[in-house]
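Just so it is clear, the model here is predicted, and its values are computed rather than measured. Whatever order the structure lists them in is the order used to number ligands and atoms, beginning at 1. The figures that follow rest on heavy atoms only: side chains count, while hydrogens, waters and symmetry mates do not.
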Amino acid sequence: MNSLTKDAQKAAERVGLLSDKIVINGGKPLKGRVDVRGAKNLATKAMVAALLADSPSHLLDVPDISDVGVVTGMLGAYGVSVTKVGEGELLLDPTNVLKAQFHEIDALAGSSRIPILFCGPLLHRLGEALIPDLGGCRIGDRPIDFHMDALRAFGAIVDKSYEGIRLTAPNGLKGANIELPYPSVGATEQVLLTAVLAEGVTELKNAAIEPEIMDLIAILQKMGAIINVEPNRVIFIEGVEKLEGYTHRALFDRNEAASWASAALATKGDIFVAGAKQQELMTFLNIYRKVGGKFDIHEDGIRFYHPGTPLKPVVVETDVHPGFMTDWQQPLIVALTQAEGRSVVHETVYENRFGFTDALIEMGADIVVHKDGLESVTRRVPRRPLEQAAVIVGPTPLHGADVEIPDLRGGFSHLIAALTADGTSTVSNIGLISRGYEHFIDKLADLGADFSFED
Ligand code: EPU
């Protein structure tokens, strides 16, 4: 069994998914309603923030996904009790924080990238932190240099050992002036979670300003933090002495919402995504409209549907917020295989995020990946050396194939491709999808997908 399959099986077990292989009879439009709850990329960080408080926190709309299970395990290893007190409701009690045992941390190695965010809170609470080797999707090198440089600027000492990363702060953590080389989401969160209890003021330049980060800042403010978000990606954090627990409803998962929207377009379907909101999806909605996709915005969600006429090609560049998210391109590319003409997707955030297109090509798509990138007339940001581009020429009918899911978002696009394709497909490693898509099997059934499981 290869390590990817092992990751997929571990993730599947965490959410009680019984089989890691699904057989799909495609060619039928997905129609109906799906409910989207809290964002993976906020809920997991909000759980880490609970560790900073002296009293329990109450998080609402927590999705039932395997990454939440990993963070629950990590918090448990450090003595934070995480109790499910209702549907999607967690009570996180950090009053008995203690040093973790190596074997408990080691059991979580390779499962997610969230544990890196425990560094600052653990240094504040315990004076030291042990972080396992990280996991997450294999979409590039995914270094942690920005994180470690920021922690050192606060006064942390970082040692790498066979156990993972060990950090200490013999002289405590002090506010710092930090400029990120790139507006990294994780490094911005690292700085926020460390600066709120550090002594003095922290100035963070070139910060990421994704909606999930703004929601994390809202949580930290509820806890007693003082954080000012200034123009031009500058954030000031005034350290405080103590923080209290929060009560917060997690921001909806805009990546999941965009994924179902693209599924509606690719399969000629019609999906009402309950819980989706316009504000956080504006950039996505603009591209959706350019491709020809229709949407109606309601109080309680957004209806996404195929126009009934041919789709149009588009040029898209992924970017940090407020640009087009890198997590939106994979499902959209499936829809673009059905558009009339030549689309180009420039990936500027990760250096290896088109691996999933191999399976689409096997299913009949006409996609060429340019590993060194292509020039674009619509460029919003200076070129990064790691850029890649995919050229998609459509429309191409897709046919069933046996495909193996490589990562979370690429994996969801394989599901959509199999649902769009004529004939039968076998999709394996679906456990990886449960890292970020809550109850996706039930949702597919509700949308009328024709599938069964294979052992
Ligand atoms: N980077 C560095 N050094 C660092 C940190 C980042 O070079 O120390 C580079 C990365 O290699 C990448 C770029 O900076 O090329 C952006 O990475 P970022 O730190 O912003 O990403 P992340 O925090 O690791 C989060 C999401 C990703 C999402 C990105 C971009 C979580 C748990 N993950 O990752 O989500 O794609 O931001 O928005 O929040 C997903 O949900 O499937 C997923 C991969």
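Remark: ligand 1 atoms within the under-4.0 Å shell around heavy atoms of Thr326 are 30 (C), 36 (O). Interface of Val349 with ligand 1, defined as ligand atoms under 4.0 Å from a residue heavy atom, comprises 12 (C), 13 (C), 15 (O), 16 (C). Less than 4.0 angstrom separates some heavy atom of Leu408 from each of these atoms of ligand 1: 42 (O). Using a 4.0 Å cut-off to heavy atoms of Gly186, the atoms of ligand 1 that qualify are 19 (O), 23 (O). Proximity to Ile144 (heavy-atom distance under 4.0 Å) selects the following atoms of ligand 1: 8 (O). Close contacts of ligand 1 with His147, meaning ligand atoms under 4.0 Å from a residue heavy atom, involve 8 (O). Of all atoms in ligand 1, listed by their number and element, those nearer than 4.0 Å to a heavy atom of Arg113 are 24 (O).
Within the 3.5 Å criterion, the main-chain N or O of Ala187 finds a donor-acceptor partner in the side chain of Ser184. Judged by distance alone, the side chain of Ser57 and the main-chain N or O of Leu92 form no donor-acceptor pair under 3.5 Å.
Checking each of Thr348, Asp327, Thr318 against Arg353 for a side-chain hydrogen bond (donor to acceptor under 3.5 Å, both in side chains) leaves exactly one that passes, namely Asp327. The only option from Leu192, Ile114, Val71, Ile219 that meets the side chain to side chain contact (heavy atoms under 4.5 Å, CB included) definition with Lys45 turns out to be Ile114. Partner Ile22 forms a side chain to side chain contact (heavy atoms under 4.5 Å, CB included) with one of Ile433, Ile441, Ile405, Thr426 and no other, that one being Ile441.
Any N or O atom pair closer than 3.5 Å counts here, and Ile114 shares no such pair with ligand 1. Here's the thing with Pro183: none of its N/O atoms is less than 3.5 angstrom from an N/O atom of ligand 1. Considering both main-chain and side-chain atoms, Phe146 comes within under 3.5 Å of ligand 1 through a nitrogen or oxygen pair. Close N/O approach between Glu210 and ligand 1 is not found [any backbone or side-chain N/O within under 3.5 Å].
Between His248 and Tyr246, the ring-plane angle classifies as perpendicular under the 30° and 60° cut-offs. Between Phe295 and Phe304, the two ring planes are tilted [angle within 30° to 60°].
Considering Leu180, Val185, Asp407, Asp145 only, the shortest heavy-atom separation from atom 3 (N) of ligand 1 involves Asp145. For atom 26 (C) of ligand 1, the nearest non-hydrogen atom from the set Asn41, Thr44, Val320, Ile116 belongs to Asn41. With Lys45, Arg409, Lys40 as candidates, the residue nearest to atom 39 (O) of ligand 1 on a non-hydrogen basis is Lys45. Selection from Phe412, Tyr182, Trp328 by nearest heavy atom to atom 13 (C) of ligand 1 gives Tyr182.
Contacts of Gln330 with ligand 1, taken as heavy-atom pairs under 4.0 Å, are absent altogether. Counting heavy atoms closer than 4.0 Å to ligand 1, residue Glu189 contributes nothing at all. With a 4.0 Å cut-off on non-hydrogen atoms, Met325 touches ligand 1 through its side chain and not its backbone.
In this structure, Arg353 counts as a contact residue of ligand 1, since one of its heavy atoms falls inside 4.0 Å of the ligand. Residue contacts with ligand 1 do not include Gly436, since none of its heavy atoms lies under 4.0 Å from the ligand.
Leu220 CG to Ile237 CD1: the interatomic distance, rounded to the nearest 0.5 Å, is 9.0 Å. For the atom pair CZ of Arg37 and NE2 of His439, the computed distance is 6.0 Å after rounding to the nearest 0.5 Å.
Ion pair Glu89/Arg249 not flagged as a salt bridge, since none of the NZ, NE, NH1 or NH2 atoms sits closer than 4.0 Å to an Asp/Glu carboxylate oxygen. A salt bridge between Asp159 and Arg166 is absent, with no side-chain N of the basic residue lying under 4.0 Å from a carboxylate O of the acidic one.
The six-membered or imidazole ring of Tyr437 lies near that of Phe412, with a centre-to-centre distance under 6.0 Å.
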